[in-house]
Amino acid sequence: MTSANRNPEIRKDAVNNRTVILSPARSRRPSDFKSKPKPEPEPETNPNPHPNPTCPFCAGNEHQCAPEIFRSPEYSTSDWKVRVIENLYPALSRDVEVKSDDVDYRHADVVSGEVRLGGFGFHDVVIESPVHSVHLPDLAPDGIAGVLLAYKKRIEQLCGIASISYVQVFKNHGASAGASMSHSHSQILALPVIPPTASTRLNSMKEYHNQTGKCVLCNINTKELLIDESNHFISISPFASTFPFETWIVPRYHSSHFHELGEDKAIDLGGLLKLTLQKLSIQLNDPPYNYMIHTSPLQVTSSQLPYAHWYIQIVPQLSTIGGFEMGTGCYINPVVPEDAAKILREVKIPT
Ligand code: AMP
Ligand code: ZN
Ligand code: ZN
């Protein structure tokens, strides 16, 4: 049956307790999904000067950046590979005073329902390469592992700050995915509250565990949804994909926190992340994309550990959301995940 002949289906994501409408009749052929061709760049004498004089993230322009937190390798000079720096325009401030009774939404004004909390937190930028034109999937698996291990190291530092409850690692690539800088980078935001998506996810994983005695992501059905696998990770199209070609990378071993990642597994994950980003780029014409590392809150209890399992969500930005999605929180996805998985399974990487 071609996807256009399939009936629409409503699916529930047991990991996030989200509902999606899969509506293949609204689709072009799934294989026709592509991001719009990019406009031809203006001819330049040197399209990729290095360092790019207008880019603070290029090696050689470190003085244009907000202060560095650390670099890798630790004692490198101009030959650094990854730098973690403060964000020049942070969403939250590390200088806001946290009062002892100010660490939660406990001080809601019960009459008005208004809740106010000091905007304490950390907002960092991870520069993934010293070279302007090198994007994350251009790096070798151990180079990507270097970026992943920089996330890990920074999260471990943030774990030591009592009022930080949750750390979100994310990457915006391309203007319509929210990126304002073209030099390859990602961001780390440490929050004094657990964001609603993380607490909903934890509750949803708990519900599945209560019903089955199992962890939902250890037990994930990969039958027609598997794209690729490595020693320690799988890439899949999630059963209730919210977006066309949404892809998850899930550890095959049970782990609640991303920052438990060791060096060997980081290289293995680097290889699978590279392959996944390359496949999405080839299939979808180098689309803008976001990835998010969905880990557990820092202070989970031991009773929560058996069902809390981290993963990476990669979302190519191929469409914009409309009133239905804003009104219901329920997304319409025209590409059935089984079709997306089959297409991505078959993408060949040129050697
Ligand atoms: P994005 O907007 O996703 O491309 O992320 C780039 C981030 O880099 C933004 O959050 C900016 O605030 C931040 N940023 C821009 N210029 C600098 C700079 N010179 N030093 C540190 N952070 C910067
Ligand atoms: Zn640059
Ligand atoms: Zn698990």
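When a ligand or atom number is given, it counts from 1 through the structure's own listing order. Just so we're clear, the structure is a prediction, and the values are computed from it rather than from any experiment.
- Residues Ala198 and Tyr166 approach most closely at CB-CE1, 3.6 Å, considering heavy atoms.
- Atoms of ligand 1 found under 4.0 Å from any heavy atom of Ser180, numbered from 1 in the order shown, are 1 (P), 2 (O), 4 (O), 6 (C).
- Looking at ligand 1, you won't find any N or O of His123 less than 3.5 Å from one of its N or O atoms.
- Counting heavy atoms closer than 4.0 Å to ligand 1, residue Glu86 contributes backbone atoms (N, CA, C, O) but none from C-beta onward.
- For the Zn ion (ligand 2), the nearest N, O or S atom contributed by His132 is named ND1.
- At least one donor-acceptor pair closer than 3.5 Å links the side chain of Arg71 to the backbone N or O of Thr77.
- Among all non-hydrogen protein atoms, the one lying nearest atom 20 (N) of ligand 1 is Ala66 N, 3.2 Å.
- Heavy-atom contacts of Asn172 reach the following atoms of ligand 1: 3 (O) (cutoff under 4.0 Å).
- Heavy atoms from other residues, nucleotides or ligands lying under 6.0 Å from CG of Asp264 number 12 at most.
- Under 4.0 Å from ligand 1, the heavy atoms of Pro56 that appear belong solely to its side chain.
- A side-chain donor from one of Glu128 and Ser184 sits under 3.5 Å from a side-chain acceptor of the other.
- The name of the N, O or S atom in His309 nearest to the Zn ion (ligand 3) is ND1.
- The closest approach between a heavy atom of Lys171 and any atom of ligand 1 is not below 4.0 Å.
- Between Leu88 and ligand 1, an N or O atom pair is found at a separation short of 3.5 Å.
- At a 4.0 Å heavy-atom cut-off, ligand 1 touches Gln64 through the backbone alone.
- Remark: side-chain polar atoms of Asn16 are not paired, donor with acceptor, to backbone N or O of Asp13 under 3.5 angstrom.
- Formation of a donor-acceptor pair under 3.5 Å by the Arg252 side chain with backbone atoms of Ser230 is found in this model.
- Proximity of the aromatic rings of His185 and His183 is defined here by a centroid distance below 6.0 angstrom, and this criterion is not met.
- In terms of protein heavy atoms, atom 6 (C) of ligand 1 is closest to His185 NE2, 3.3 Å.
- For the pair Cys65 and ligand 1, the shortest N or O to N or O distance does not fall below 3.5 Å.
- Each of Phe233, Trp248, Phe258 was compared with Tyr311 under the ring pair (Phe, Tyr, Trp, His ring centres under 6.0 Å) criterion, and only Trp248 meets it.
- Between the SG atom of Cys215 and the SG atom of Cys218, the angle centred on the Zn ion (ligand 3) amounts to 110° when rounded to 10°.
- Taking the N/O/S atoms of His183 in turn, the shortest distance to the Zn ion (ligand 2) belongs to ND1.
- The Zn ion (ligand 3) sits nearest to atom ND1 when only the N, O or S atoms of His254 are considered.
- Between the side chain of Lys12 and the main chain of Arg18, no donor-acceptor pair closer than 3.5 Å is present.
- Other residues, nucleotides and ligands place more than 12 heavy atoms under 6.0 Å from the NZ atom of Lys153.
- For Cys55 atom SG and Cys58 atom SG, the angle they make at the Zn ion (ligand 2) is roughly 120°, to 10 degrees.
- Ring pair Tyr291/Phe170: centre-to-centre distance not below 6.0 Å.
- For atom 9 (C) of ligand 1, the nearest protein heavy atom (residue, atom name, distance) is Asn87 ND2, 3.7 Å.
- A side-chain N or O of Asn290 and one of Gln317 form a donor-acceptor pair less than 3.5 Å apart.
- Residue Phe57 places no N or O, backbone or side chain, under 3.5 Å from any N or O of ligand 1.
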